[in-house]
Amino acid sequence: MYRTNSLFPGLRTLMPEFEEGLLMKPTGLMAGFPDIDCYTETESLVFQAELPGFSTDDVEIDVHENVLTLRGTKRAAERPEDVELHFTEIRRGSFERKFTLPENVDTDQIHALFRNGVLTVRLPLVPETRPKKVRILTEQD
């Protein structure tokens with residue numbers, strides 16, 4: 001049995017390209033998988049990815065040239081060979097998601113925590129650089 005959400009087949013083409021800014025187009029067997037939230041806290045840029053069924057050994061995180069890459073592989077659940085599969089909805093396979101980071105992120109201080117199927121990647125924000133006034137001394141000072 002195969003089901004599809006065909007009520008709005010052209011909806012994606014009507015939506016503006018969200019991927020233009022921070023988000024780059026996902027690649028892999030499950031483009032757009034996993035679901036990811038990105039937000040800014042007071043001093044950090046935070047990414048949260050829902051990864052149910054994954055372990056830390058299944059996920060890889062790297063930063064290169066100011067691009068954060070999350071990739072992973074979820075293997076199929078083991079089943080006895082003699083089962084008759086009626087349908088399957090559990091996502092499996094590989095994914096890769098890339099995010100262009102803003103300039104004010106300290107990529108050397110990245111922290112990742114995996115808890116209850118949610119991966120949280122926290123990147124500290126570097127304080128904005130502001131011009132400083134320099135006091136000019138005279139010989140009397």
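From a predicted model like this one, the values you see are computed outputs, not experimental measurements.
- To the nearest 0.5 angstrom, I110 atom CD1 is 9.0 Å from D62 atom CG.
- With hydrogens and angles ignored, the 3.5 Å screen pairs a side-chain donor or acceptor of N66 with a backbone N or O of P102.
- Closest approach of P34 to R97, counting heavy atoms only: O-NH1, 2.7 Å.
- Looking at L68 and V105, their side chains never come closer than 4.5 Å, going by heavy atoms from C-beta outward.
- Nearest approach of C38 to F47, heavy atoms of both residues: SG-CE2, 3.6 Å.
- Across every non-hydrogen atom of Q109 and H111, the tightest pair is O-CD2, 3.0 Å.
- Atom CG of L125 and atom CD of E41 lie 9.5 Å apart (nearest 0.5 Å).
- Considering all non-hydrogen atoms of both residues, S44 and P124 come closest at OG-CA, 4.0 Å.
- Taken from OG1 in T73 to CD in E60, the straight-line distance is 9.5 Å, to the nearest 0.5 Å.
- Distance CG/D37 to OG1/T120: 10.0 Å, rounded to 0.5 Å.
- Each of I36, V121, V63 was checked for a side-chain contact (heavy atoms from CB on, under 4.5 Å) with F99, and the lone residue meeting it is I36.
- Scanning all heavy atoms of the two residues, the minimum distance from G53 to D58 falls at O-OD2, 4.2 Å.
- A distance of 10.5 Å separates CG of L123 from CG of D108, quoted to the nearest 0.5 Å.
- The aromatic rings of F54 and F95 sit perpendicular, their planes meeting at an angle over 60°, well past the 30° parallel limit.
- From L45, atom CG reaches atom CG of D106 across 12.0 Å, with rounding to the nearest 0.5 Å.
- For the pair K74 (side chain) and P52 (backbone), a donor-acceptor distance under 3.5 Å is present.
- Under a 3.5 Å cut-off, the side chain of R71 and the backbone N or O of S94 do not form any donor-acceptor pair.
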